[in-house]
Q: 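Please see the structure below; I have some questions.
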Amino acid sequence: MKSELKIFNTLTREKETFVPVNPPHVGLYVCGPTVYGDPHLGHARPAITFDLLFRYLQHLHYKVRYVRNITDVGHLENDADEGEDKIAQKARLEQLEPMEVVQYYTERYHKYMDALNVKSPSIEPRASGHIIEQLAIVDSILQKGFAYESNGSVYFDVERYNREHKYGILSGRVLEDLYSTTRNLEGQSEKKNSFDFALWKKATPSHIMRWPSKYSDGFPGWHLECTAMSARYLGETFDIHGGGMDLLFPHHECEIAQSTIAHGHGPARYWMHNNMITINGQKMGKSLGNFITLEQFFTGSHKMLEKAWSPMTIRFFILQAHYRSTVDFSNEALLAAEKGLQRLMEGMAQLEKIKPGNVSEFDVESFKSKCYEALNDDLNSPILIAHLFDAVKAINSVAADKISLTADDISALSSTMHLFVEELLGLTPELKSETGSEMLDGVMNLVLKIRQQAKSNKDWATSDQIRDDLNALGIIVKDGKEGASWEIK
RNA sequence: GGUCGGUUGGCCGAGUGGCUAGGCAGCGGUCUGCAAAACCGCGUACGGCGGUUCGAAUCCGCCACCGACCUCCA
């Protein structure tokens, strides 16, 4: 039941059974961030999507090498191959060495990915550390006649490529259409066609980030880094290439073209793309100025946020939608996610406390199979979560003495829940109180004991005062069959 | 304009040609000294118009609206 993972391959637009090139090894490459700004909600989506994939593949006993790059050079700010390098621009504006910018935002990115419980990839290579590999690919493509030099820069000849291979197989673009739809921008005279893309760019005198090459002192084109680094660490053919849908064209299309010339074939067998996060139905994007950083989410410091949202709430919110659907942000939706997550985590905690019975009235095996089926079906996390809630309902019913479960089944359910909730979905209980929990436990037990005594004496005034005052302090008292329990809001 | 995708009950969000998605919110009930929590039950939704079919939210066509990509963005 664990086998038969199906994933939607953008290349074929169909769900395909996943078969690795060299089992048990799996090569996974995901386009990482360009580190020139604080990580925002948009960064969380691919990170969490492919984190789930990474975790699941490992669970299936694949030996996964997960490469997620850090783009620290070559990503231009503006129009096609003419703008300022993003890192360089930020460095200029803040009067920093470009690598200071890179260092700072890389650390910020790591910090917030950790908070979201996103596992580190196996390798996190930087574009600037692979200039030699990138230049080798430039040479190779140039030698084979699919690129041309122009004023110290080297451009990929898309028209020539299209004559022998098909340009647009991933995105469904037709080159003829691009003639009319690609913008003709100022200063593109270096290129034969506007849709040609840079493999190597000659640096202007003011450009700080530059490396020597036989073409010019310059820097690599943006699309090249992924081709160079994926080939270096995963080989020229690897299993899965992932990224956001917005990278589908032109970035991934260009990668395929480069790779096809340099290596004789496209880089990956399966292409996976996560959809966008929207705010009020519109894509969240830097250029639109409507993005909310993760820090703002976690602290609530953004005018659109009604309150702070915890990392696990964000993670759960994202996992509650399928990765290929857009997910629309709103405070209301986040509140629903927060409460839902709480219910799930309380169910997990309740599971450790319930008492076994003689019979089982919840089919744990069938539940487990359904959970696997959900993930096997193109990582359908919302369906998985729906099944998890069915289990929570069963757990609560046992706690309420409505149904019963045998000790064996409780144990099996417990390991299944931990597997799917914590290990695979990566949802962990959040520490609500950081200090003095042992002492607090003792104090609370005392307080609740006194309240119980008051209740026994029908001294409702005292018992209610304890409850209400605790509530005002942020501690919720819950009365149950086995006595009262408490938790911090 | 071109290409692609979407339109599901108050909100979010799955989905298969006929069988309850799930969460949040709401309503009724059980439990409770009261409340909270928990449990039980309820709403009978699928953009519009046609078509295929015994039967369609699910297949086809047209229309409307929304979005993404076509320029950097996860």
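Just so we're clear, the structure is a prediction, and the values are computed from it rather than from any experiment. In what follows, chains are A, B, ... by sequence order, proteins preceding strands, each numbered from 1.
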Q: Distance between the C1' atoms of B:C66 and B:G48, in whole angstroms?
A: 15 Å

Q: When you get a sec, tell me which of B:C39, B:G13, B:A74 is the closest nucleotide to the side chain of A:Asp328?
A: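 For A:Asp328, the side-chain atoms sit closest to B:G13.
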
Q: Hey, is the side chain of A:Asn275 pairing donor to acceptor with the base of B:G5 inside 3.5 Å?
A: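 No, no donor-acceptor pair under 3.5 Å.
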
Q: Please name the pair of heavy atoms, one in A:Lys166 and one in A:Tyr161, separated by the smallest distance, quoted to 0.1 Å.
A: O-CE2, 3.9 Å

Q: Can you tell me, in whole Å, how much space there is between the P of B:A25 and that of B:C39?
A: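 Each nucleotide's P atom is 12 Å from the other's.
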
Q: Going by the side-chain hydrogen bond (donor to acceptor under 3.5 Å, both in side chains) test, which pairs reach into residues 378-397 of chain A, not counting sequence neighbours?
A: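 Listed by first then second residue: A:His322-A:Asp378, A:Tyr323-A:Asp378, A:Arg324-A:Asp378.
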
Q: Base, sugar-phosphate, or nothing: which does A:Asn380 touch, judged by heavy atoms less than 4.0 Å apart?
A: sugar-phosphate

Q: In whole Å, measure the gap between the C1' atoms of B:G29 and B:G10 for me.
A: 22 Å

Q: Looking at B:G23, B:A74, B:C34, which one has an atom nearest to any side-chain atom of A:Leu247?
A: B:A74

Q: Who are the side-chain hydrogen bond (donor to acceptor under 3.5 Å, both in side chains) partners of A:Asn162, not counting sequence neighbours?
A: none

Q: Describe the nucleic acid contact of A:His387 in one word from base, sugar-phosphate, nothing, applying a heavy-atom distance below 4.0 Å.
A: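 Touches nothing.
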
Q: Considering only atom C1', compute the distance from B:A74 to B:G18 and round it to an integer number of Å.
A: 41 Å

Q: Of all the nucleotides listed (B:G13, B:A74, B:A38), which has the minimum atom distance to the side chain of A:Asp246?
A: B:A74

Q: If the condition is side-chain contact (heavy atoms from CB on, under 4.5 Å), which residues does A:Pro46 pass it with, not counting sequence neighbours?
A: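 So A:Pro46 forms a side-chain contact (heavy atoms from CB on, under 4.5 Å) with A:Phe50, A:Asn274.
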
Q: Both distances under 3.5 Å, Watson-Crick or G-U wobble: on that basis, could you give the dot-bracket string for RNA chain B, with [ ] for crossing pairs and | for other-strand partners?
A: (((((((..(((.....[...))).(((((.......)))))....(((((..]....))))))))))))....

Q: Under 4.0 Å between a side-chain N/O of A:Lys339 and OP1 or OP2 of B:A25, yes or no?
A: yes

Q: Mind checking the C1' distance from B:U20 to B:A14? Whole angstroms is fine.
A: 13 Å

Q: Determine the Euclidean distance between corresponding C1' atoms of B:U58 and B:C19; express it in Å to zero decimal places.
A: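 These two C1' atoms come out 14 Å apart once rounded.
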
Q: Is there a donor on the side chain of A:Arg467 or the base of B:A36 sitting less than 3.5 Å from an acceptor on the other?
A: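 By the distance-only test, no, there is no pair.
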
Q: If we take the C1' atom in both B:G67 and B:G47, what is their distance in whole Å?
A: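 Roughly 15 Å separates the two C1' atoms.
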
Q: Any donor-acceptor pair under 3.5 Å between the side chain of A:Asp479 and the base of B:A35?
A: yes

Q: Looking at every strand, decide which applies to A:Met276 at a 4.0 Å heavy-atom threshold: base, sugar-phosphate, or nothing.
A: base

Q: What nucleotide, of B:C4, B:G23, B:A74, holds the atom closest to the side chain of A:Gln320?
A: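 From the listed options, B:G23 comes nearest.
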
Q: Given B:G33, is OP1 or OP2 found less than 4.0 Å from the side-chain N or O atoms of A:Arg451?
A: no

Q: Consider the side chain of A:Val327, meaning its heavy atoms from C-beta on, and name the nucleotide among B:C39, B:A74, B:G13 that approaches it most closely.
A: B:G13

Q: Could you pull out all residues at least two apart from A:Ala268 that satisfy side-chain contact (heavy atoms from CB on, under 4.5 Å)?
A: A:Phe238, A:His241, A:Trp271

Q: Tell me which pairs pass salt bridge (Lys or Arg N to Asp or Glu O under 4.0 Å) where either residue lies in residues 111-125 of chain A, with sequence neighbours left out.
A: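 Only A:Arg68-A:Glu124 qualify under salt bridge (Lys or Arg N to Asp or Glu O under 4.0 Å).
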
Q: So what does A:Val174 hit on the nucleic acid, given a heavy-atom distance under 4.0 Å: a base, only sugar-phosphate, or nothing?
A: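 If one applies the 4.0 Å heavy-atom cut-off, A:Val174 turns out to touch nothing in the nucleic acid.
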
Q: Could you please name the option among B:C70, B:A14, B:C39 that lies closest to any side-chain atom of A:Phe249?
A: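 The answer is B:C70.
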
Q: Assess, by modelled atom type and distance only, whether the side chains of A:Glu346 and A:Gln350 contain a donor and an acceptor separated by less than 3.5 Å.
A: no

Q: Show, in sequence, the C-alpha distance, side-chain angles and deciding distance for A:Glu338 and A:Ser310, and conclude whether the side-chain hydrogen bond (donor to acceptor under 3.5 Å, both in side chains) test is met.
A: CA-CA 8 Å; A:Glu338 185 180 66; A:Ser310 75; 5.5 Å; no

Q: Considering only the C1' atoms, how many Å lie between B:G26 and B:A45, rounded to the nearest integer?
A: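 Result for the C1' pair: 16 Å, nearest Å.
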
Q: Across the strands shown, which category fits A:Lys458 at heavy-atom distances under 4.0 angstrom: base, sugar-phosphate, nothing?
A: nothing

Q: Nearest to the side chain of A:Arg173, heavy atoms from C-beta on, is which of B:C69, B:A21, B:A74?
A: B:C69

